[in-house]
Amino acid sequence: MKIASWNVNSLKARLPNVLAWLEAAQPDVVCLQEIKCQTADFPRLEIESAGYEAHVLGQKSYNGVALLSRQPIEDVLYGLPGDPADEQARYVEGTVAGVRIASLYLPNGNPVGTEKYPYKLAWMDRLYHHARGLLATEQPFVLAGDYNICPTDDDVYDPVGWREDALCRPESRAKFRSLLNLGLTEAYRLFHDEPHRYSFWDYQAGRWYRDEGLRIDHFLLSPRASDRAQGCEIDKEPRGREKASDHTPVVLDLA
DNA sequence: ATGGTAGCCTTGCTA
């Protein structure tokens, strides 16, 4: 089963690119982030015509996540539990062929020093508690998405310049490590130890052209899911296209 | 050189 994660930075603006990539890459499951549309405005006909069932948690202008699958999706959970007052659309989870799969868009957290940073850290605490609950079910699971975390300095083109950024701050990285310390595995690093492999390049200042990016899109696997992992690749092709998202898809291959 | 780009339907906010 090929599971993809892609922050598309507006599904409406990206629809031709997304449809072309689905046709070329043929993923079985797709976790989308930053669709930037309300659930009612999701391009359901086009996505279903491409062969996918879609479960969507939308939001006007900002955020918004979706879980697409060629096989049926069961027991869908909309929103990350733990804060009923949180109205930001950042989490959707469902079961495909016995595997629990989440599409998540973790808060960016910048600027540090505003309420955005504690919101990010609190969201990570909620994810930690939710992951603990999932582990207790003993069902294999995959938490896929834009984590807005560079796990180590090897995942940043300029670690010194980014040291104080919410994506690289020690508190953010510590909470990411706490997820790993639960027993979860970050899939890309199972298969690749080379530094400076990125999933995001800012639109500004020629970052893509100079390959100055960040690796912030990740798959966290439960022990039983990691036993089934057969590969994890960053597909850079979509980032080089016209009208590209600033993120490119990452694909996990699960037996 | 203290900028730059992209998407939102806002004329600024988020990334």
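A quick note: this is a predicted structure, and the numbers were derived from the prediction, not measured. Chain letters run A, B, ... following the sequence lines, proteins first and then strands; every chain starts at 1.
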Residue pairs passing the salt bridge (charged side-chain N to carboxylate O under 4.0 Å, His left out) test where at least one lies in [range], sequence neighbours excluded:
range	value
residues 213-230 of chain A	A:D155-A:R215, A:E186-A:R215
residues 39-55 of chain A	none
residues 104-128 of chain A	A:D86-A:R126, A:D125-A:K175

When the P atoms of B:dA1 and B:dG7 are considered, how many whole Å apart are they?
31 Å

Would you indicate what A:Y105 reaches in the nucleic acid, counting non-hydrogen atoms under 4.0 angstrom: base, sugar-phosphate, or nothing?
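The answer is sugar-phosphate, as A:Y105 gets under 4.0 Å only of primed atoms, P, OP1 or OP2.
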
Send over the distance from [X] [atom1] to [N] [atom2], rounded to a whole Å.
X	N	atom1	atom2	result
A:W162	B:dA15	CH2	C1'	9 Å
A:N110	B:dC13	CG	C1'	14 Å
A:F200	B:dA15	CZ	P	11 Å
A:N7	B:dA15	CG	P	11 Å

Under 3.5 Å between N/O atoms: give me all the protein pairs with nucleotides 3-7 of chain B, atom names plus distance.
unit_1 : atom_1 : unit_2 : atom_2 : d
B:dG4  : N9     : A:Q204 : OE1    : 3.0
B:dG4  : N7     : A:Q204 : OE1    : 2.9
B:dG7  : OP1    : A:R14  : NH1    : 3.1
B:dG7  : OP1    : A:K243 : NZ     : 3.3
B:dG7  : O3'    : A:S10  : OG     : 3.2

Report the residues that fulfil side chain to side chain donor-acceptor pair (under 3.5 Å) with A:E212, sequence neighbours left out, ordered by chain and then residue number.
A:R207, A:R210

A:R70: what forms a side chain to side chain donor-acceptor pair (under 3.5 Å) with it, not counting sequence neighbours?
A:Q26, A:Y52

Which class fits the ring pair A:W201 and A:Y198: parallel under 30°, tilted 30 to 60°, perpendicular over 60°?
perpendicular

Ignoring backbone atoms, establish whether A:K60 has a side-chain N or O less than 4.0 Å from OP1 or OP2 of B:dC9.
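The answer is no; no side-chain N or O of A:K60 sits under 4.0 Å from OP1 or OP2.
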
